[in-house]
Peer 1: 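Sharing a structure here in structure tokens format.
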Amino acid sequence: MAEGVGRKVSAASARAHTRKSKQNTAFQLPSGMFKKLLMVSFMGILALAYRAIQPPPPRMCGSSGCLPVTAPRIRLSDGRHLAYKEHGVPKDEAKYKIVYVHGTGSSRHEAVLATKDVMEGIGVYIVSFDRPGYGDSDPNPKQTLKSSALDIEELADQLGLGSKFYVIGFSMGGQAIWRCLKYIPHRLAGASLIAPAINFWWPNLPRNLSKEAFDKQLPQDQWAYRISHYIPWLTYWWNTQKLFPSSSVVAKNPAVFTQKDLEIMARLPSSREHKMEVTQQGEFESLHRDLMVGFGTWDFDPVDLENPFPNSEGSIQLWQGNEDLLVPVSLQNYIAQQLPWIHYYEVLGAGHFLPFADGMADAMLKALLTGETTVPSMQ
């Protein structure tokens with residue numbers, strides 16, 4: 001028989017063999033289990049992302065964590081409540097009855113009011129109200145352009161303002177007046193739009209003019225407007241995340257106001273007294289909802305509106321400050337040119353807060369109700 005041949009093994013080879021054996025015996029996940037872990041991790045990341053973009057539920061007035069209801073309210077046909085505040089002469093003695101619509105970050109307390117002498121001399125009653133989600137008014141998650149106008153109509157009916165009434169709106173509240181002209185023109189005796197917010201995506205705006213005005217906005221506002229228009233479901237996340245600047249209005253950035261605006265804002269007592277009340281139900285159903293509705297896709301274009309007073313039985317006024325940094329005067333001017341039945345007043349030296357400047361509210365009210373058009377200069 002042949003004998004086995006002896007073989008020498010070096011120490012290095014022995015160590016390598018030992019390491020290889022250990023590597024081969026290391027724990028390995030079955031391929032199916034590894035895929036499941038990847039899927040679970042991916043779903044966890046999606047869940048965190050989904051949670052980040054979901055707004056918290058509103059803090060309903062009268063509930064825990066929200067201030068108690070302090071205003072008179074009406075109950076709308078869909079069950080929501082609208083809070084309101086009355087100004088001027090008693091309603092049953094008034095010659096003119098007006099519904100005032102406030103802007104973004106404001107409330108029923110900050111109505112544009114003429115002096116007491118003018119209000120009483122002309123015989124004016126004004127009711128201001130908290131728009132949905134602001135102050136003491138219930139939010140409206142289903143808010144649309146049309147619902148804004150119908151809220152105003154129902155408020156007027158429940159308060160007994162008659163078959164026709166006047167409307168005045170400032171800034172984003174001015175946008176609501178466009179909606180009234182579209183959906184309830186038969187109920188209007190007259191209207192005044194004061195520096196109404198402009199949607200840069202209204203189709204009839206010349207693209208070059210709109211782009212030029214859009215490019216002059218602060219970069220953070222350009223992004224806020226884009227997101228509200230193209231991907232509105234990200235509006236809450238964008239305005240609450242800390243990586244990039246959010247909307248100037250939401251962030252209360254003074255850079256979007258002129259020096260005159262800041263001086264006017266500083267002396268508005270209602271702004272300080274009711275500051276906490278404005279967004280007490282949360283910013284999503286107030287500030288953010290304004291962005292989504294105001295800069296979303298509209299089902300009509302203001303330039304296509306028809307004159308609600310073909311026989312000159314009423315008047316539509318549009319007021320704009322030529323130094324407004326928030327609302328582009330170039331686009332406002334273009335819209336006024338396309339609607340020759342609108343009485344357009346461009347106030348020299350005025351910024352966005354022109355209606356609160358000395359003498360302006362008196363001038364605006366007289367122009368709408370009596371036809372007197374003495375416009376004070378702010379230069």
Side-chain angles (χ1 to χ4, degrees), residues 74 76-77 82 84 86-89 91 94-103 108 111-114 119 122-129 131-132 143-197 293-294 298-320 332 335-336 338-345 355 361 363-373:
I74 64 163
L76 299 170
S77 57
L82 278 188
Y84 65 91
E86 297 174 296
H87 319 262
V89 304
K91 182 170 50 183
K95 182 179 180 181
Y96 303 101
K97 298 170 184 177
I98 302 172
V99 177
Y100 175 79
V101 192
H102 69 78
R108 67 186 185 278
V112 175
L113 300 174
M119 297 267 283
I122 300 177
V124 178
Y125 163 89
I126 296 179
V127 58
S128 56
F129 69 100
R131 292 193 288 111
Q143 186 179 159
T144 63
L145 301 175
K146 188 173 185 178
S147 72
S148 303
L150 297 183
D151 282 356
I152 292 171
E153 181 178 36
E154 194 164 353
L155 174 68
D157 286 341
Q158 291 203 33
L159 294 182
L161 301 193
S163 60
K164 287 184 179 290
F165 51 88
Y166 293 83
V167 289
I168 297 176
F170 169 54
S171 194
M172 191 60 77
Q175 256 200 11
I177 307 306
W178 289 126
R179 304 167 199 176
C180 290
L181 290 169
K182 169 65 177 179
Y183 296 111
I184 58 168
H186 57 289
R187 299 300 308 275
L188 304 182
S192 184
L193 303 92
I194 307 171
V293 176
W298 282 41
D299 55 11
F300 74 94
D301 190 318
V303 172
D304 291 329
L305 292 173
E306 296 181 358
N307 183 1
F309 307 119
N311 299 316
S312 301
E313 63 271 32
S315 174
I316 307 296
Q317 318 259 310
L318 175 55
W319 296 79
Q320 177 67 39
Q332 211 75 277
I335 293 171
Q338 305 310 303
L339 301 174
W341 40 271
I342 281 184
H343 299 273
Y344 180 59
Y345 302 97
M364 291 174 173
L365 201 63
K366 289 178 180 179
L368 177 64
L369 303 178
T370 69
E372 182 180 331
T373 56

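Hydrogens, waters and symmetry mates are skipped; everything else that's a heavy atom, side chains included, is used.
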Peer 1: Check whether any side-chain heavy atom of H343 lies under 4.5 Å from a side-chain heavy atom of W319, and answer yes or no.
Peer 2: no
Peer 1: With a 3.5 Å distance limit and no angle check, can you tell me whether K91 reaches the backbone of L161 through a side-chain donor-acceptor pair?
Peer 2: no
Peer 1: As an exercise, state the distance from CG of D151 to NZ of K146, rounded to the nearest 0.5 Å.
Peer 2: 12.5 Å
Peer 1: Drop me the distance from L365's CG to L113's CG, to the nearest 0.5 angstrom.
Peer 2: 9.0 Å
Peer 1: Spell out, as yes or no, whether a donor-acceptor pair under 3.5 Å connects the side chain of E313 to the backbone of N311.
Peer 2: yes
Peer 1: Would you say that Y84 contacts V99 through its side chain, given a criterion of any heavy-atom pair below 4.5 Å between the two side chains?
Peer 2: no
Peer 1: Just jot down the side-chain contact (heavy atoms from CB on, under 4.5 Å) partners of S171, sequence neighbours excluded, or say none.
Peer 2: H352
Peer 1: Could you go through I316 and L193, starting from their C-alpha distance and side-chain angles, then the distance that decides it, and tell me whether this counts as side-chain contact (heavy atoms from CB on, under 4.5 Å)?
Peer 2: CA-CA 8 Å; I316 307 296; L193 303 92; 3.9 Å; yes
Peer 1: So do P196 and I177 actually touch side chain to side chain, heavy atoms under 4.5 Å?
Peer 2: no
Peer 1: Less than 4.5 Å apart, side chain to side chain, heavy atoms only: is that true for M364 and I194?
Peer 2: yes
Peer 1: Taking the side chain as everything from C-beta on, heavy atoms only, tell me whether I184 gets closer than 4.5 Å to L150.
Peer 2: yes
Peer 1: I'd like to know if the side chain of S128 pairs up with that of H87 as donor and acceptor (distance under 3.5 Å, no hydrogens or angles considered).
Peer 2: yes
Peer 1: Test your reading of the model: is there a side-chain donor-acceptor pair from Q158 to the backbone of I74, 3.5 Å cut-off?
Peer 2: no
Peer 1: Measure across P308 and P185 and return the closest heavy-atom pair with its distance rounded to 0.1 Å.
Peer 2: CB-CB, 4.1 Å
Peer 1: Indicate whether any N or O donor in one side chain lies under 3.5 Å from an N or O acceptor in the other, for Q320 and Y345.
Peer 2: no
Peer 1: Let's go through L305 and W341 carefully: what are the C-alpha distance in whole Å and the side-chain angles of both, what is the deciding distance for side-chain contact (heavy atoms from CB on, under 4.5 Å) to 0.1 Å, and is it a yes or a no?
Peer 2: CA-CA 10 Å; L305 292 173; W341 40 271; 4.3 Å; yes
Peer 1: Using atom types as modelled and distance alone, determine if a side-chain donor or acceptor of K97 lies under 3.5 Å from a backbone N or O of V127.
Peer 2: no
Peer 1: Evaluate the side-chain proximity of S315 to Q317: yes if any heavy-atom separation is below 4.5 Å, no if none is.
Peer 2: yes
Peer 1: Using modelled atom types only, decide if a donor and an acceptor are shared between the side chain of R131 and the backbone of G173 within a distance under 3.5 Å.
Peer 2: no
Peer 1: Step by step, work out the side-chain contact (heavy atoms from CB on, under 4.5 Å) result for F129 and V101.
Peer 2: CA-CA 7 Å; F129 69 100; V101 192; 4.0 Å; yes
Peer 1: CD1/I98 to OH/Y125 distance, rounded to the nearest 0.5 angstrom?
Peer 2: 11.0 Å
Peer 1: Do you know which two heavy atoms are closest between A111 and Y100, and how far apart they sit?
Peer 2: CA-CE2, 3.3 Å
Peer 1: How close do V124 and A94 get, heavy atom to heavy atom, and via which atoms?
Peer 2: C-CB, 4.4 Å
Peer 1: Report yes if the side chains of T144 and V293 come closer than 4.5 Å at any heavy-atom pair, otherwise no.
Peer 2: no
Peer 1: Answer yes or no: is there a side-chain heavy-atom contact under 4.5 Å between L369 and K95?
Peer 2: no
Peer 1: Determine, step by step, whether F300 and Y183 satisfy the ring-ring contact (aromatic ring centres under 6.0 Å, His included) criterion, reporting the C-alpha distance in whole Å, the side-chain angles of both residues, the deciding distance to 0.1 Å, and the verdict.
Peer 2: CA-CA 10 Å; F300 74 94; Y183 296 111; 5.8 Å; yes
Peer 1: Distance from E372 atom CD to I122 atom CD1, nearest 0.5 Å?
Peer 2: 8.0 Å
Peer 1: Within the side chain of R187, is there an N or O that forms a donor-acceptor pair under 3.5 Å with the backbone of G162?
Peer 2: yes
Peer 1: If I compare all heavy atoms of A156 with all of F165, which pair ends up nearest, and what's the gap?
Peer 2: CB-CE2, 3.5 Å
Peer 1: Working note: H186 + E153, criterion side-chain contact (heavy atoms from CB on, under 4.5 Å); need CA distance, chi angles, decisive distance, verdict.
Peer 2: CA-CA 11 Å; H186 57 289; E153 181 178 36; 4.0 Å; yes
Peer 1: Once you round to the nearest 0.5 Å, how far does CZ of R179 lie from CG of D299?
Peer 2: 10.0 Å
Peer 1: Keeping the roles fixed (side chain from N307, backbone from F309), state whether a donor-acceptor pair exists under 3.5 Å.
Peer 2: yes
Peer 1: For K366, does its backbone N or O pair with a side-chain atom of T370 as donor and acceptor, under 3.5 Å?
Peer 2: yes
Peer 1: CG/L82 to CD1/I152 distance, rounded to the nearest 0.5 angstrom?
Peer 2: 9.5 Å
Peer 1: Hey, is the main chain of S77 close enough, under 3.5 Å, to the side chain of E154 for a donor-acceptor pair?
Peer 2: yes
